[in-house]
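So that the names make sense, note that chain A is the first sequence line, chain B the second, and so on, each numbered from 1.
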Number of protein chains: 2
Amino acid sequence: MPVRPSGAPARRSRKPGAGAAAGEQPLSLERIVATAVELLDSHGADSLSMRRLADRLGAGAMSLYWHVDNKEQVFDLALDAVLAYAPPTPAGPRDWRADAVLMLEDWRAAMLRHPWSAALLPRRALGPSMLGRLELLSQTLSRAGVADADLNVAIWSVWNYVMGATITRGSFDRSADDLAAAQQQLAELSGRYPTIDRSRLLLDSDWDGAFRKGLDLLLDGLTPGR
Amino acid sequence: MPVRPSGAPARRSRKPGAGAAAGEQPLSLERIVATAVELLDSHGADSLSMRRLADRLGAGAMSLYWHVDNKEQVFDLALDAVLAYAPPTPAGPRDWRADAVLMLEDWRAAMLRHPWSAALLPRRALGPSMLGRLELLSQTLSRAGVADADLNVAIWSVWNYVMGATITRGSFDRSADDLAAAQQQLAELSGRYPTIDRSRLLLDSDWDGAFRKGLDLLLDGLTPGR
DNA sequence: CCAGTTCTCGTACACTGTACGATTGAGACG
DNA sequence: CGTCTCAATCGTACAGTGTACGAGAACTGG
């Protein structure tokens, strides 16, 4: 296993006048991850191969392996990079409810902005971003008055809800044509599925509204007072 | 694209006396899907390759492609097979609440019984089993008095919650050693994540209890009356 | 017997992740 | 200057992947 560069920044002059292809930045973890996210964003999860990634970085495929153990790790890092979160100015004692909703909606928005992330989430190591968000949620709920004994249950309830909503939403985020086709196909089988056909479940769903409603219910129920 | 055998069952005598390898059953969609589920259950999602699957069926790799379009489709079918559900004897007017909880807990149990399914769920076509369960949930909530206008929101709230709980649960279903290591690693960084370290979020969580609690809250909130 | 349909499968191809080892280049030390 | 060391890059090779293509086998009805 190669040694990670750790804290010290890799310094390298690489005189630009020497080679033909000037202006090439040196390889680095950050650059690799950023480019991986670009690639994933533009062509989906299947399009990420080590060779393609290296090409886009102007490097040889095997050069990546000095910075990274696995392709798996590239996925982990890309996911965590996309999920980073900086709470917006902790100035003053704010409303815990607003803080929580803000963070959770940002979470959802971040994942929907990168549709590949939802499919990656299961079975991935939880990186610093995810842990940071869990920590924040935990603090917020604690501040809202949830007893320590109930804290874990509360965290997971909210967390699970947000995860599920995001993943489901992501999988239904196909083109309008696809959705219409699916609902159409449903209509033909409406003998079998009359209720969800009648309610046009696949087409007329107000995803954002449903998300907020369920979230409010959970927060109300989990939180003492009021 | 090959023509699917449709309804007519493929019959073939294949006289057993002729070849050396007797007792070979003929290929069929059902057998393929069943064997795929076996393979997935025993060695995880990565172990499913068309060649391995064919080997286990005593067939050539390309023979599968007469019954199936894609490897993707094999995944779709395996997932849907595992998610089949028969409501337990619709005898008499039962308690809607009990019905709903029963079905949703069965859903969760089925997915946890096949750990690969959680990772497959995102981005997969919804097959008959999944639609059937959505239909059932829909009918149940309707029976519980949810107005048609609120039905979609209610369905998705519950659905999302169950999905998220199951997927999350599945991803933390690693060995006890791994979990302990993770929490240990967390302890070393407890400066960064004090709250979730203190509450031993990764270790002491009562998953089943949390699942029930959140589900009850949602059903209470979404349902009129009481 | 033939013609047609249904089903099986061997070969080939483009592509994947990555093990291994050679190569390059920059600083350190003499 | 020469050499030694170590960080970093990358070419080659290998086992394995999904599947397109087309040749054949097995069974059918005539």
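At whole-Å resolution of the value, CD1 in A:I32 and C1' in D:dT9 are 12 Å apart. Rounded to whole Å, atom P of D:dT17 lies 16 Å from atom CD of B:E72. Distance, B:L27 CG to D:dA25 C1': 15 Å, rounded to whole Å. Rounded to an integer number of Å, the gap from A:R31 CZ to D:dT9 P is 10 Å. For A:L53 and C:dG17, the CG to C1' distance is 13 Å, given to the nearest whole Å. Rounded to whole Å, the distance from CH2 on B:W66 to P on C:dT5 is 13 Å. Atom NZ in A:K71 sits roughly 18 Å away from atom P in D:dG16 (whole-Å rounding). When the P atom of D:dA7 is taken as reference, atom CG of A:L29 falls 16 Å away, rounded to whole Å.
OP1 or OP2 of D:dT9 has at least one side-chain nitrogen or oxygen of A:H67 nearer than 4.0 Å. Note on B:N70: a side-chain N or O is less than 4.0 Å away from OP1 or OP2 of D:dT19. OP1 or OP2 of C:dC9 sits under 4.0 Å from a side-chain N or O of B:S63.
Ion pair B:R108/B:D208 flagged as a salt bridge, since at least one NZ, NE, NH1 or NH2 atom sits closer than 4.0 Å to an Asp/Glu carboxylate oxygen.
Here A:R56 pairs with A:E38 under the salt bridge (Lys or Arg N to Asp or Glu O under 4.0 Å) rule; sequence neighbours left out. Contacts of A:R212 classified as salt bridge (Lys or Arg N to Asp or Glu O under 4.0 Å), with partners at least two apart in sequence or in another chain: A:E105, A:D216. Legend: residues meeting salt bridge (Lys or Arg N to Asp or Glu O under 4.0 Å) with A:E30, ordered by chain and number and at least two apart, are absent. With sequence neighbours left out, the side chain to side chain donor-acceptor pair (under 3.5 Å) criterion links A:Q139 to A:E135. With sequence neighbours excluded, the residues forming a salt bridge (Lys or Arg N to Asp or Glu O under 4.0 Å) with A:D99 are A:R94, A:R143, listed by chain and number.
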Could you list the protein-to-nucleotides 20-22 of chain D atom pairs, N/O on both sides, closer than 3.5 Å?
none

Pairs under 3.5 angstrom only: tabulate donor-acceptor contacts from the side chains of residues 125-134 of chain B to other protein residues two or more places apart or in another chain.
| unit_1 | atom_1 | unit_2 | atom_2 | d |
| --- | --- | --- | --- | --- |
| B:S129 | OG | B:D80 | O | 2.8 |
| B:S129 | OG | B:D80 | OD2 | 2.9 |
| B:R133 | NH1 | B:L83 | O | 2.5 |
| B:R133 | NH1 | B:A84 | O | 3.4 |
| B:R133 | NH2 | B:D106 | OD2 | 2.4 |

Would you give me the side-chain donor-acceptor pairs under 3.5 Å for residues 154-161 of chain A, sequence neighbours excluded?
| unit_1 | atom_1 | unit_2 | atom_2 | d |
| --- | --- | --- | --- | --- |
| A:W156 | NE1 | B:S205 | OG | 2.8 |
| A:S157 | OG | A:V153 | O | 3.0 |
| A:N160 | OD1 | B:T168 | OG1 | 2.9 |
| A:N160 | ND2 | A:W156 | O | 3.0 |
| A:Y161 | OH | A:A210 | O | 3.1 |
| A:Y161 | OH | A:F211 | O | 3.1 |

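For the ring-ring contact (aromatic ring centres under 6.0 Å, His included) condition, the pairs that include at least one residue of residues 114-134 of chain B, sequence neighbours left out, are B:H114-B:W116. Sorted by first and then second residue, the pairs that involve residues 185-198 of chain B and meet salt bridge (charged side-chain N to carboxylate O under 4.0 Å, His left out), not counting sequence neighbours, are A:D148-B:R198.
Residues of residues 40-52 of chain A that place a heavy atom closer than 4.0 Å to DNA chain C, in numerical order, are A:L48, A:S49, A:M50, A:R51, A:R52.
Under the 4.5 Å side-chain criterion, counting only non-hydrogen atoms from C-beta, A:F75 is in contact with A:L48.
Bending across the helix from C:dG4-D:dC27 to C:dG30-D:dC1, expressed as the angle between its end axes from five pairs apiece, amounts to 20° (10° rounding).
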